[in-house]
Amino acid sequence: MRRFSLKSLISEAFNAHQGWERQWRAPEPKAAYDAVIVGGGGHGLATAYYLAKEHGLTNIAVIEKGWLGGGNTGRNTTIIRSNYLYEESEGIYEHAMKLWAGLSQELNYNVMYSQRGVLMLAHNSHDVQSFKRHVYANRLAGIDNEWLTPDEAKEFCPPLNISPTLRYPIVGAALQRRGGVARHDAVAWGYARGADAMGVDIIQNCEVTGFRRDAAGAIAGVETSKGFIATKRVGVVAAGHTSVVMARAGLRMPLESFPLQALVSEPVKPVFPCVVMSNAVHAYISQSDKGELVIGAGTDQYISYSQQGGLHVPIHTLDAICELFPQFSRMRMLRSWGGIVDVTPDRSPIIGKTPIPGLYVNCGWGTGGFKATPGSGNVFAWTIAKGEPHPINAPFTLDRFRTGRLIDEAAAAAVAH
Amino acid sequence: MAGRNRLPRGGRVDRSKSVSIAFNGRTLAGFAGDTVASLLIAHDIHFVGRSFKYHRPRGFLSHGSDEPNALLSVDRGPGKIDPNNRATVAEAREGLVTHSQNHWPSLDFDVGAINDVLSPVFVAGFYYKTFMWPRRFWDSVYEPKIRAAAGLGRAPTEPDADRYANRHAHCDVLVVGAGPAGLAAALAASETGKRIFLADEQAEMGGTLLHDRTSMIDGKPAQDWVAEALAELRARGNVTLLPRTTAFGYYNHNHIALAERITDHLADAPAHMPRERLWQIRAAEVVLATGAHERPLVFADNDRPGILLAESVRAFINRYAVAPGRRIVFVTNGASAYAAALDAADAGLDVTLVDIRPEGDCGPELAALRAKGVTALTGHTVLAATGTRRVTGLAVAPVSPEGKIGARKILAADCVGMSGGWTPSVHLFSQSRGKLRFDPALDAFVPDQPVQATRSAGAANGRYDLSEILAEGFAAGSAAAGDSATRTFAATPTPTGFLPVRALPTDADPARIKAFIDFQNDVTAKDIHLAVREGFESVEHVKRYTTTGMATDQGKSSNMNALGLVAGILDKPLPTVGTTTFRPPYTPVTFGTLIGPSRDALFDPARKTPIHGWAEEQGARFEDVGLWKRAWYFPRGDEDMREAVARECAAVREHVGIFDASTLGKIEVVGPDAAEFMNRIYVNGWLKLEPGRCRYGLMLKEDGYILDDGVVARLAPDRFHVTTTTGGAPRVLAHMEDYLQTEWPELEVFLTSTTEQFAVIAVQGPKARDLIAPLVTGIDLANDAFPHMAVRTGFICGVPTRLFRVSFTGELGFEINVPADYGRAIWEAIFARGAAFGLTPYGTEAMHVLRAERGFVIIGQETDGTVTPDDLGLGGMIARTKPDFVGKRSLARPDLVAPGRKQLVGILADDPTLLLDEGAQIVADRDQPIPIHALGHVTSSYWSPACDRSIALALVESGRARIGSEVFVTTPSSFTKATVTAPSFFDAEGKRVHA
Amino acid sequence: MLLIPCPYCGDRPEIEFRGGGEAHIARPRDPQAVDDQAWAEFLFYRTNPKGLMAERWNHAHGCQRWFNALRDTVSDRILESYRMGEKPSGGGSS
Amino acid sequence: MLEIAKEAARAAALDPDAATPAIAPMPPATRFALRMRPETATEIGSVAGFQLDLPINRASLGPRLAARLGPNEWLLIAEDGETEAIEAEIASALGERFHALVDISHRNVGLSVRGAQAADMLNAGCPLDLSTDALPAGSATRTLLGKAEIVLIHEDDAPTYRVECWRSFAPYVHGFLQEAARDFDGG
Ligand SMILES: Cc1cc2nc3c(=O)[nH]c(=O)nc-3n(C[C@H](O)[C@H](O)[C@H](O)COP(=O)(O)OP(=O)(O)OC[C@H]3O[C@@H](n4cnc5c(N)ncnc54)[C@H](O)[C@@H]3O)c2cc1C
Ligand SMILES: NC(=O)c1ccc[n+]([C@@H]2O[C@H](COP(=O)([O-])OP(=O)(O)OC[C@H]3O[C@@H](n4cnc5c(N)ncnc54)[C@H](O)[C@@H]3O)[C@@H](O)[C@H]2O)c1
Ligand SMILES: Cc1cc2nc3c(=O)[nH]c(=O)nc-3n(C[C@H](O)[C@H](O)[C@H](O)COP(=O)(O)O)c2cc1C
Ligand SMILES: [Zn+2]
């Protein structure tokens, strides 16, 4: 792998950039691998990367039905934070947060992780109570999260309207300074390049269509649109399509797939320094390095695999954005789109074994899994390599839906992303 | 002065009405009917902006909404400034103030232009390869610099001073686009008498015909035909014409969103008129007649100001009567540009035409042009443009069929019209999920099978000949209206010959020239090469790696050239490369239009009780609970919240208080099976509850966690008056209806929301009975006749009431339900009597304190969707003998019966003056290493006047077993020591309510 | 925005409705008799199909009736709707 | 004894003076939610002067207005002060037949919207097709106006519409319609 650096960039500038090599190969699938990862999103690629890097498993493949990062990795609003409520969630999101901090250097790929701060607005006493609960819980876990007065919030984010005459005035805010955003596509590409360099085969335009099991019922391989691939270990990381893939292994999942929409405005000069989320009025917003306001809407109310939803959903979010930031009313929506998010009953992911030996699943990240990408890939790689969960993902079992040991972030706070 | 490039004759501008606008401080005159672009061109201004990345000088590329370059900031007055307006779309109107963008300090001298010099480094994706060292420099140095350099104009800083409107509409046929195809479609469709809408994004309807000087339709000049067609449509009562209206989104089930621009073009818009209106049209059928976009040609420095699309040159000359230059060179690979060249020559301009096609591939239009005395070079390529801030010429050279490039020569020019062919505007069709088909002859994707009730016609359908377009439009319109009429139109034939080209052949090193694909985002052909070289082979990857097609024109000018190039590099057929996804909006739409009237008071309904006005007059502070505004506390004089609440609490405990409980949800459950229904919904038993009695009820979700609670009164054997929490009211009714309709349809019960039928006045405190007694008739208020947890109907002040003897404060209390319109009058009547009793109005905060002193829970505060009845110590309420109720089975799940669950307890800080924070975490030992396991958290915390100290409720692991033990609670800066207690701090036996 | 055929009111815009997820998941007749796994499956496990799906809708801001519809989750096309307790007339399985 | 019911008028949620020519708060009325099986309605036809055997989403107009909002749901509207009388009449007419009658006189607020632009004004927030083909006079249905739920009754072809909403939504609904009216008359 040719290292990226200012030096290599300048020397290529003199060479009219003729010398750059492919960032990853386009191999044909081999007949067999030690492990196969289904899904070439950020989580799948990170899993492969850490399998190769930390567990020495390099004879592995990532199978992606479309183009790398074309799923939710390529269509999310990129909010990264770790100030979750429950110890289980704190564990995995903070693990990811620590990896984010060094990811560009680790991958030798600038993923533009920008720790510009995530501000969550409180609009009523319930929000105050809930956010303080987070702030205190996070402190016990060593995770930064501060409570701000409206004035302090305004100082941190000057465009904020803290007038007490708003329909839902801002009565305070929780700020995670280490939170921020990253360049979503680069995350997929950086992991792909890193994994490829260690020998991982990344196979695009190849759909997993079925599973083969051995006499004992364990995984023997996957059927794909490019033929059968033998392997004893399969990790399914197919996000919105998890139910579809798992159905091919005969498993039903506690998942529903909903369209989740987002939009960007036309690009403007820097006006918005951080990430702002408001749960009470359903809005979240940041400004990309290119200058667009990146705005996330809610899910549509029905299951759909169409990556599109109704106009009323982004409108509802823009109502709230313009209530909080009336100066943005003259900004224009440039593009809106949707992704398909797989939602669990408790809004927490499922990471680990399945009833089928050799079949592992990592799913249910719903509307908020981008931030977990490095951590999720890291512990899932461990789980696949060792055949048992890493302590961090041990609570995120499928079995919790039977026992009732849910990790209900949504019920506790009703905050996503 | 109308500008030196204003042509003496012709055009559709109104020379009798002059308008002047300002551009970068210069005042310039033009005519009504000008766009900002045509007005600037009239004054020979082409250099109007800087590109996104390299800050290259940029001018106009097009004359319409596909414009990627000429974006201006427009100032229409205070609160009406916005960036990134297309000069080619913005209509000139008196007094309009415009500015160029993306430069510093000025358009002419822009520091950012250094980027163009550094461009060999700033190639596609360069930032992924660098700026990583040292690590912390990203946040502090690199990213701020990148952000400052990026972006186009400046975002508005003032709240928007305009208003916006919304309209839902239905029609039989919606025709989008009013060019020849759309007009013909609308004519045909409207003949059936059905409801027809015709929308076009431009100020005038007519499409390309508005700049067509020469075509004849049915013996008339095309523009006369347009005028007649529009007159005809206007005369028909069933047609709604929407000019300046862009169909921007095609959603499910023929739901089309359109943005109508109403006042931006008016100098003196009446104040009541909205700036823009969102139309949400549900159309039975849609005809898409959205035309086609001309493609730029790809050659070195093709972005210089003065280089336009050929058809746009034609439009500026014919429609706006301005000459984009005096010496114009047209470069083309097809026939359509010949019409532009002819029109330019007819306008008296110096014209040369360069056709890339070999002479033999050119059509008869070549001879016609030469006959006019125009020089036409065939078989020539363009090597480069010259000039920086304005094109000065083109370097052209003959190219042999084998691709050999001959000697170059410079054609001097102050304007270039280029035509690389046409791309049907399939955006809306594709948004409607229709599949596209690649047509090699057109070198373009055209609509294939529609998925929704939609059809395409005209250039949008790959049809370029005028008579064919008209006939196709007519047939489509008729079919959409359920008819099958056809018509032929006698129209001047349109020359349509064309030979696909990619980047033009050149003798320079293609890796070292800047031939632009995406003008706005500064994506050049070599960027596309680089992306593919690095493995970004999917067109979606190319888009994201290079940002081609991601600019504000969303690739209208660039996508086909990018695709063609990728296909060429990969040596794959173009259709296998595919397109990127077409997404709404077709052109950018203001947030204001999308949200319409949902601002200020109309953002969200603010629900207020009948007594709200009274509380307001008393100076109450309010808090939001769901959509409701509730009186929070009633400060007197300069009391702060704590003082006011302490006073209110004391008044209730010692005398009597009055509280507006109207927001509580209320549901009337009626029918012979009402009790059975209640039995299945609540954990409690209801069969034995006597009419006239009340019971505190608890309901679960099917997962076993608490959904809501409230007092329920049985009014009659078949009638219950259910109350719910304020926020839970809609949820609870929906939950009940769901089970009733889908699980137990056999039950004879009906549910009706009565939340707003009643105003509810809580009168609480030792003197409550004495206070209300004289006002009440028909009810014996004596303690034994009307005990705690009873309900009676009677009258208060002559108004019918449902009187509850209930208490959420721990005091003797009544909740007086009266029909809402009487609420305030009754309240005032009680209040008038109250002075003698020390009656004090109290708000939700005092109510919270009073109930917490007694240890009553609030759903949503003590609970969070993970709490069971037993967790709250309310397990005893569960009627264990009932075979089933919603949530019962879940309560038996392993984790719900496991030891160690969090349980409701009291927490008393060792320092009685210290008020714990709600949400504070509770730990066993403060001196543990991080991460510290939390035993639970504080759910409620108040200063308790009755206890004269702070009190708190909390959920704590195995809390009941910990009563009496010591814990630590987080404070903003540290921990504080506290003791676990039973969750009740006052009148633990609950005697006072029976007084 | 979908146009949803309410079996009582006819075609109505989606914003008048509340979605209720997968249809025909029968609540066990005797919940206490089913084991934890079966109960979890009733509560949480869903087919989540890519393709034809029978789903529940409530015409919340209309006639307020619950009903079922058959919809394709890829095209979002609604094939038919039918009242609670009824079976779809044709087309679909599930 | 203070008897305000007889002396003091009902204090309406909306100020009656807030009327513009097109949008006017209606006087207080007696209202009921009446529920019964569809078969019962067919069998009895009408009760207390309210016609019930109507198609869903149709109303019988007049001083005793019945709007069938669903298969088993009717909104009854009569003049103010008739509550007890109507209750008694319905009780005796229906006898033992399974039904639910709930007084909602004060729950709702009525607004009258009339004039040539009435449908367009309503369509600023109501997503339904209000053309006379789709919603002829005599139609009645629950629907939405912006962010509020309403019952919309098309009374006549003046056109006149009656908009009913819950009382705490009335200021919003009224404000919404007035805002929509600005598009037409600047008022
Ligand atoms: C609009 C939107 C906004 C969001 N905002 C945020 C946010 O701000 N912060 C945040 O943390 N999260 C956010 N999320 C969620 C986040 O995007 C996802 O949780 C995360 O990206 C999931 O990553 P993934 O790698 O698991 O999934 P994906 O990137 O979706 O990858 C799954 C891959 O599996 C492939 N696949 C599926 N089936 C098959 C098969 N049969 N064979 C082969 N391959 C298959 C898919 O093609 C896909 O590429 C948002 C999501 C959306 C849609
Ligand atoms: N000679 C050639 O090769 C060639 C090629 C292409 C087109 N043409 C000419 O172009 C014309 C095509 O006629 P036509 O009627 O198909 O197209 P048109 O371009 O005349 O009209 C399309 C109209 O649709 C409008 N429009 C596009 N998208 C819209 C949207 N989303 N919302 C609202 N309005 C929208 C445009 O503003 C335009 O007025 C003919 O005159 C034809 O000769 C010629
Ligand atoms: C964080 C983020 C920023 C984006 N910025 C832009 C942008 O500036 N311009 C643009 O056209 N699209 C932008 N997009 C949207 C993509 O073009 C695209 O719509 C999205 O990745 C979904 O893919 P699809 O629309 O091809 O299905 C952005 C997407 C994300 C996730
Ligand atoms: Zn209905």
Side-chain angles (χ1 to χ4, degrees), chain B residues 163 165-170 195 270-274 277 280 282 596-598 601-610 627-628 663 668-672 718-719 748-759 774-775 777 795 797-800 819-826 829 832-833, chain D residues 1-13 28 31 33-37 72-73 83-84 98-109 120 122-131 133-134 146-148 166-169 171-173 175-176 179-187:
Chain B
R163 62 180 286 267
N166 179 60
R167 183 80 59 80
H168 296 277
H170 290 72
R195 275 186 297 173
H272 74 271
M273 275 168 74
R277 176 184 286 120
Q280 300 190 56
R282 188 77 71 170
S598 296
L602 299 179
F603 166 60
D604 236 2
R607 302 179 70 182
K608 295 176 181 168
T609 75
L627 292 178
W628 288 101
T663 62
E668 197 106 328
V669 178
V670 184
D718 63 349
R719 189 175 288 252
E748 297 204 317
V749 185
F750 285 120
L751 312 172
T752 305
S753 170
T754 51
T755 302
E756 299 222 35
Q757 166 68 10
F758 298 105
L775 305 180
T777 47
F795 295 88
C797 306
V799 170
D821 281 353
Y822 299 124
R824 179 160 176 177
I826 303 293
R833 243 185 81 75
Chain D
M1 164 85 39
L2 198 75
E3 288 241 343
I4 58 176
K6 308 232 159 55
E7 299 148 23
R10 287 169 55 169
R31 298 180 183 83
L34 175 62
R35 309 288 301 272
M36 69 181 72
R37 290 217 184 86
N72 56 23
E73 180 187 3
T83 314
E84 289 82 7
F98 165 45
H99 74 280
L101 184 69
V102 177
D103 179 5
I104 51 166
S105 306
H106 292 239
R107 185 186 78 175
N108 287 16
V109 170
D120 285 343
L122 289 163
N123 269 144
C126 174
L128 298 185
D129 185 352
L130 302 182
S131 66
D133 286 345
K147 295 176 183 177
W166 288 10
R167 60 178 296 130
S168 69
F169 288 95
Y172 171 88
V173 168
F176 191 100
E179 171 71 15
R182 287 176 67 189
D183 288 9
F184 302 100
D185 55 14

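Atoms considered below: every heavy atom in the structure, side chains included; atoms not considered: hydrogens, waters and symmetry mates. This is a predicted model, so every value here is computed, not measured.
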task = Heavy-atom pairs under 4.5 Å with chain B are the metric here; pick the option from D:A13, D:G125, D:P28 that has the most.
result = D:G125
task = Could you check D:L34, D:D103, D:I104 and say which one makes a side chain to side chain contact (heavy atoms under 4.5 Å, CB included) with B:T752?
result = D:I104
ask   = Top residue by heavy-atom pair count (under 4.5 Å) with chain B, among D:A180, D:G146, D:A33, D:P127?
value = D:P127
task = May I ask you to name which of D:C126, D:A134, D:A148, D:P171 has the most heavy-atom pairs under 4.5 Å with chain B?
result = D:C126
inquiry  = So for B:A832, is it side chain, backbone, both, or neither that comes closer than 4.5 Å to the heavy atoms of chain D?
reply    = neither
4.5 Å side-chain heavy-atom contact, D:R182 and B:M273 = no
query = Does any N or O in the side chain of D:K147 come within less than 3.5 Å of the main-chain N or O of B:F603, such that one atom is a donor and the other an acceptor?
reply = yes
key: Residue D:L128 versus chain B: region with a heavy atom under 4.5 Å   = backbone
D:E179 backbone acceptor or donor facing B:R163 side chain under 3.5 Å = yes
key: Validation row: B:Y822, D:R10 side chains within 4.5 angstrom (heavy atoms)   = yes
task = Below 4.5 Å from any heavy atom of chain D, which atoms of B:R167 appear? Answer side chain, backbone, both or neither.
result = both
request  = Provide the closest heavy-atom pair for B:A601 versus D:Y172 in the form atom of the first, atom of the second, distance.
outcome  = O-CD1, 4.1 Å
key: B:R607 side-chain N/O to D:F169 backbone N/O, donor-acceptor pair under 3.5 Å   = no
remark   = So, the part of B:R282 with a heavy atom under 4.5 Å from chain D: the answer is neither
remark   = Bottom line for B:A169: the part with an atom under 4.5 Å from chain D's heavy atoms is neither
inquiry  = With salt bridge (charged side-chain N to carboxylate O under 4.0 Å, His left out) as the criterion, how do B:D821 and D:R167 come out once you've worked through the C-alpha distance, each side chain's angles and the decisive distance to 0.1 Å?
reply    = CA-CA 9 Å; B:D821 281 353; D:R167 60 178 296 130; 2.4 Å; yes
remark   = Whatever's closer than 4.5 Å to a heavy atom in chain D on B:P270 counts as neither
query = With respect to chain D, which residue among B:T609, B:V749, B:T755 yields the maximal number of heavy-atom pairs within a distance under 4.5 Å?
reply = B:V749
ask   = Would you find a donor on one side and an acceptor on the other, under 3.5 Å apart, between the side chain of D:R107 and the backbone of B:S753?
value = yes
query = Just by modelled atom types, is the D:V102 backbone N or O under 3.5 Å from a matching donor or acceptor in the B:E668 side chain?
reply = no
task = Keeping the roles fixed (side chain from B:E756, backbone from D:N108), state whether a donor-acceptor pair exists under 3.5 Å.
result = no
key: Under 4.5 Å from any heavy atom of chain B - which part of D:D120   = both
ask   = Can you name the closest pair of heavy atoms from B:N166 and D:A124 and give their distance?
value = ND2-O, 2.8 Å
task = Check each atom of D:A12 against the heavy atoms of chain B and say whether the ones under 4.5 Å are side chain, backbone, both or neither.
result = backbone
remark   = Cut-off 4.5 Å, heavy atoms of chain D, and the answer for B:L627 is side chain
request  = Name the option with the most non-hydrogen atom pairs under 4.5 Å to chain D; the candidates are B:R824, B:H170, B:Q757.
outcome  = B:Q757
note = side chain to side chain contact (heavy atoms under 4.5 Å, CB included) filter on B:F795, not counting sequence neighbours, yields B:T777, B:P800
request  = Identify which of B:R277, B:R195, B:R833 forms the greatest number of heavy-atom pairs closer than 4.5 Å to chain D.
outcome  = B:R195
